[in-house]
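Reading through the structure tokens given below for one structure.
So that the names make sense, note that chain A is the first sequence line, chain B the second, and so on, each numbered from 1.
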Protein chains: 2
Amino acid sequence: MNLLIQNGTIVTMHNHRIIHQGSIAIENQTIIDVGKTCELKRKYGTGYEKVDAKGKVVTPGLINTHQHAAMSLLRGYADDLPLQEWLEKWIWPIEKNMTAHDIYVGALLTSIESIMSGTTTVNTMYHYTPRENEAKAFAQAGLRGVVGHVCFSWRKNEDKKALEQLAKNWHNKANGLIRVSVDPHAPYTVDPGYMKELKVTREELNSKYASEEVPIIWHMHVAETSDEPEKIRKAFKTELKAGIMEYLDSLGVLSKHVIAAHCVALTDRDIAIMKCRKVKASHNPISNLKLGSGISPVPKMLKEGVTVSLGTDSPCSNNTADMFETMKLTALLHKGADKNPTITPARQVLEMATIEGARALSWEREIGSVDVGKKADLIIIDFKKPHLCPLYNEISHLVYAAKSTDVNVVIINGKIVMENRQPTTINIEKVMEMAQKAKTGILERLARNVK
Amino acid sequence: MNLLIQNGTIVTMHNHRIIHQGSIAIENQTIIDVGKTCELKRKYGTGYEKVDAKGKVVTPGLINTHQHAAMSLLRGYADDLPLQEWLEKWIWPIEKNMTAHDIYVGALLTSIESIMSGTTTVNTMYHYTPRENEAKAFAQAGLRGVVGHVCFSWRKNEDKKALEQLAKNWHNKANGLIRVSVDPHAPYTVDPGYMKELKVTREELNSKYASEEVPIIWHMHVAETSDEPEKIRKAFKTELKAGIMEYLDSLGVLSKHVIAAHCVALTDRDIAIMKCRKVKASHNPISNLKLGSGISPVPKMLKEGVTVSLGTDSPCSNNTADMFETMKLTALLHKGADKNPTITPARQVLEMATIEGARALSWEREIGSVDVGKKADLIIIDFKKPHLCPLYNEISHLVYAAKSTDVNVVIINGKIVMENRQPTTINIEKVMEMAQKAKTGILERLARNVK
């Protein structure tokens, strides 16, 4: 289908270009022209479905670079607890009772929530099973995503099999919507030897199923809490004295295709290594606060030129998938923590949620900005709202005032997946029913297994 | 009008009582019964307009205890600047070009935004002028509020006149919706002598226009930034060595009717004085972060038993009036800052936004919880949303997952002021037009005056 978005204010996220009374022409999956409406409407007349964006602002779709999509089923199950108790007494026991179908349902719920809040790409880490999985849910919803399989030392064989199947079945599939990743859980749950093995696995999968332009990336929790070195020392009886990035670098696993989630407890040397190895960061401020992990040194990373993107983390440590919330909190948090209101300004935060997110997933050739030749992943935000009135500055409103529910239209890969706040790919009522039913099943199995 | 809300889950905010399949009966302005729907629907049949709350959660309306409602007109005008530059080069020069009518329009815009985001009471500090003002806007919108006049050393005579008129015209007016307050701007802009005079003024106004049960309170910025003692020393050539609350206590102005906004830079002794004098705090986390002021020691105040309520501050240092955002950030921020995920749990934060807010405004006899005899200030929140699915715990969802746009019905003083997200008291389109026009006028006057 060909589309012509017209009469909107287009925030391109390329060279600070903002086009008032702007238009975007889309053929099939791709943006073929961007400019003033008066020019484009002459060039793209018949054969283009018109999307009116009068009074609205068009931006690239938001990119959520750290999620565990299936965990939406555990949203609000347990909060306000010490981290270890939360994991050991609540999350891990209940997760054991989630079936492959539950994982699919949870990811479907997150897909809807993501689309409805203006997110067009999600990087998710969870357990892969061939028949029912997160990739299937994303593809069904028309959501773009990097879908990973999370690896632990205690299940190496299972992991290798899952990774092979995931790459074979899903890398660069669903019209290019889905890519896959190798996801070592964390430096304290993946032993040094296995970490190195997984590096080789990633290389092998890349040469079999991927290309330099469409790579299989590496997605891992890194330095989420300050006791991570201690955890590594305990788990692997090492004499670790360095920072976590320094440790990972000593294993030779860091590269430009590595995205590190959280990055809270980094040393200055860790940041220097990230810069040198071109490691990307996913900043997850809501989760880091909620779990009491602390505040990531984002201003330092940005100053050093490290790519910092944004993620919500799982809906049970957030408890939403709302990137507008994450943008606003990112813009606020570091100003207050560093007592400097000039840092992380609105424009930079919007970049973190769009073009920097694309870079973090090694996907910037196709997404992250409104540019000719890129995939049409766009959101149209209704600015005729009391809380967006009056209007001085679109960028300020997008970060500090807009709500995810102001997103009116979502286009992914050239396809309208939400129109006038109604998802077109998925029945909301049905998915909510499925989620509620899945929850009941999980709790029943949990009760049986506890007995 | 009499109303019967039925079939909802009622989060009363009284004794942790949650009623599933609950009902609330309202006669005129007042809640006359609360209980199970099966019981109430037999007692309150004809003569009660039914409001169905199936699949919805009913809570007390949220109470925003620190606002400058008129400043919505400056939302997004200037962000990401050093505090002094922001005030001196941007905010104060443009504010000089706001007319009394602009103040009314800005307050009307904030009233709509507040109602649409589930806030039923707003405590606002701004400049009072008799004909057009914030109180008029609130009354017109049907919003409950405490409306203050902000006092500065440089305009004592003008202030005294304004305070007298404000109290006479508006205290306990509009069916009891509006109360008024005496608002010394801050300890560094109101000299010690004037501070003491204003204390006497408040007492006089109370004896003329108010009662112990419906008091005229005192609303002031306190300890917003750590350089406040230095500002006071400079402004008034004092030898101040104590904390700000200690200083105010030495002037004899602290009492249970004082609400102190911000409370960022407090000493332990300041907190002890707040406890002793029963001073109430309005915590404004979004503004405190955005302006780089820092993080208020909320967990310490709570531990000492100080009443801590929540406020958004003005829409140009936030940039919304959204109390759901403020609740979520409050629940998150202190966990991360103190690296303790158990503090400020969801229930406590919801109390801060409801019953503690009522206490902070000395209004808890009438609002802040769903109780027989209290005014019917209620919000009905639609829980049939993907981001509120599945449901384990209503309180968790209200604080961590719900969005202000999930609020479906708002009732203030027994009157439905929003139904199915449509305000009933005010035409949204018209107010947005008025706001946009007011902005244009302000900018034109600013340009003329700069020449």
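Once rounded to the nearest 0.5 Å, the distance linking NZ of B:Lys384 with CD1 of A:Ile428 reads 12.5 Å. For the atom pair CG of A:Leu289 and NZ of B:Lys328, the computed distance is 10.5 Å after rounding to the nearest 0.5 Å. Considering CD1 of A:Ile286 and CG of B:Leu333, their distance stands at 12.0 Å, rounded to 0.5 Å. For the atom pair SG (A:Cys316) and OH (B:Tyr400), the distance works out to 12.5 Å, reported to the nearest 0.5 Å. Between the SG atom in B:Cys389 and the CG atom in A:Leu73 there is a gap of 8.0 Å [rounded to 0.5 Å]. In this structure, OG1 on A:Thr320 lies 10.0 Å from CG on B:Leu388, to the nearest 0.5 angstrom.
Between chain B and the residues A:Ala438, A:Ala435, A:Pro345, the largest count of heavy-atom pairs under 4.5 Å involves A:Pro345. With respect to chain B, the highest number of heavy-atom pairs below 4.5 Å among A:Ala401, A:Ala321, A:Ser226 belongs to A:Ala401. Note on B:Met116, B:His334, B:Glu325: by heavy-atom pairs under 4.5 Å with chain A, the leading option is B:Glu325.
Side chain of A:Lys403 to main chain of B:Thr405: no donor-acceptor pair is present (N/O by atom type, distance under 3.5 Å, no hydrogens or angles). Side-chain N or O atoms of A:Arg75 include one that pairs as donor or acceptor with a backbone N or O of B:His387 at under 3.5 Å.
Heavy atoms of B:Asp79 lying under 4.5 Å from chain A belong exclusively to its side chain. Using a 4.5 Å cut-off between heavy atoms, B:Leu329 touches chain A through its side chain atoms alone. Heavy-atom distances place the backbone of B:Leu81, and not its side chain, under 4.5 Å from chain A. Only the side chain of B:Ser404 comes within contact range of chain A, with at least one heavy atom under 4.5 Å from a heavy atom of that chain. If you measure heavy-atom distances from B:Glu85 to chain A, you find no contacts under 4.5 Å at all. For B:Ser117, no part lies near chain A; criterion is any non-hydrogen pair under 4.5 Å. Using a 4.5 Å cut-off between heavy atoms, B:Asn318 touches chain A through backbone and side chain atoms alike.
Between B:Pro390 and A:Leu109, some side-chain heavy-atom pair lies under the 4.5 Å cut-off. Looking only at side-chain heavy atoms (C-beta outward), B:Ser293 and A:Lys339 stay at 4.5 Å or farther from each other.
Of all heavy-atom pairs between B:Gln436 and A:Leu391, the closest is OE1-N, 3.4 Å. Nearest heavy-atom pair across A:Gly76 and B:Asn393 is O-CB, 3.9 Å. Shown here for B:Met432 and A:Pro386, the closest heavy-atom pair between the two residues is SD-N, 3.4 Å. Nearest heavy atoms, A:Pro341 versus B:Gly292: CB-N, 4.0 Å.
Within a 6.0 Å radius of CD in A:Glu429, no more than 12 heavy atoms belonging to other residues, nucleotides or ligands are found.
Under a 4.0 Å N-O distance rule, the pair A:Asp80/B:Lys335 qualifies as a salt bridge.
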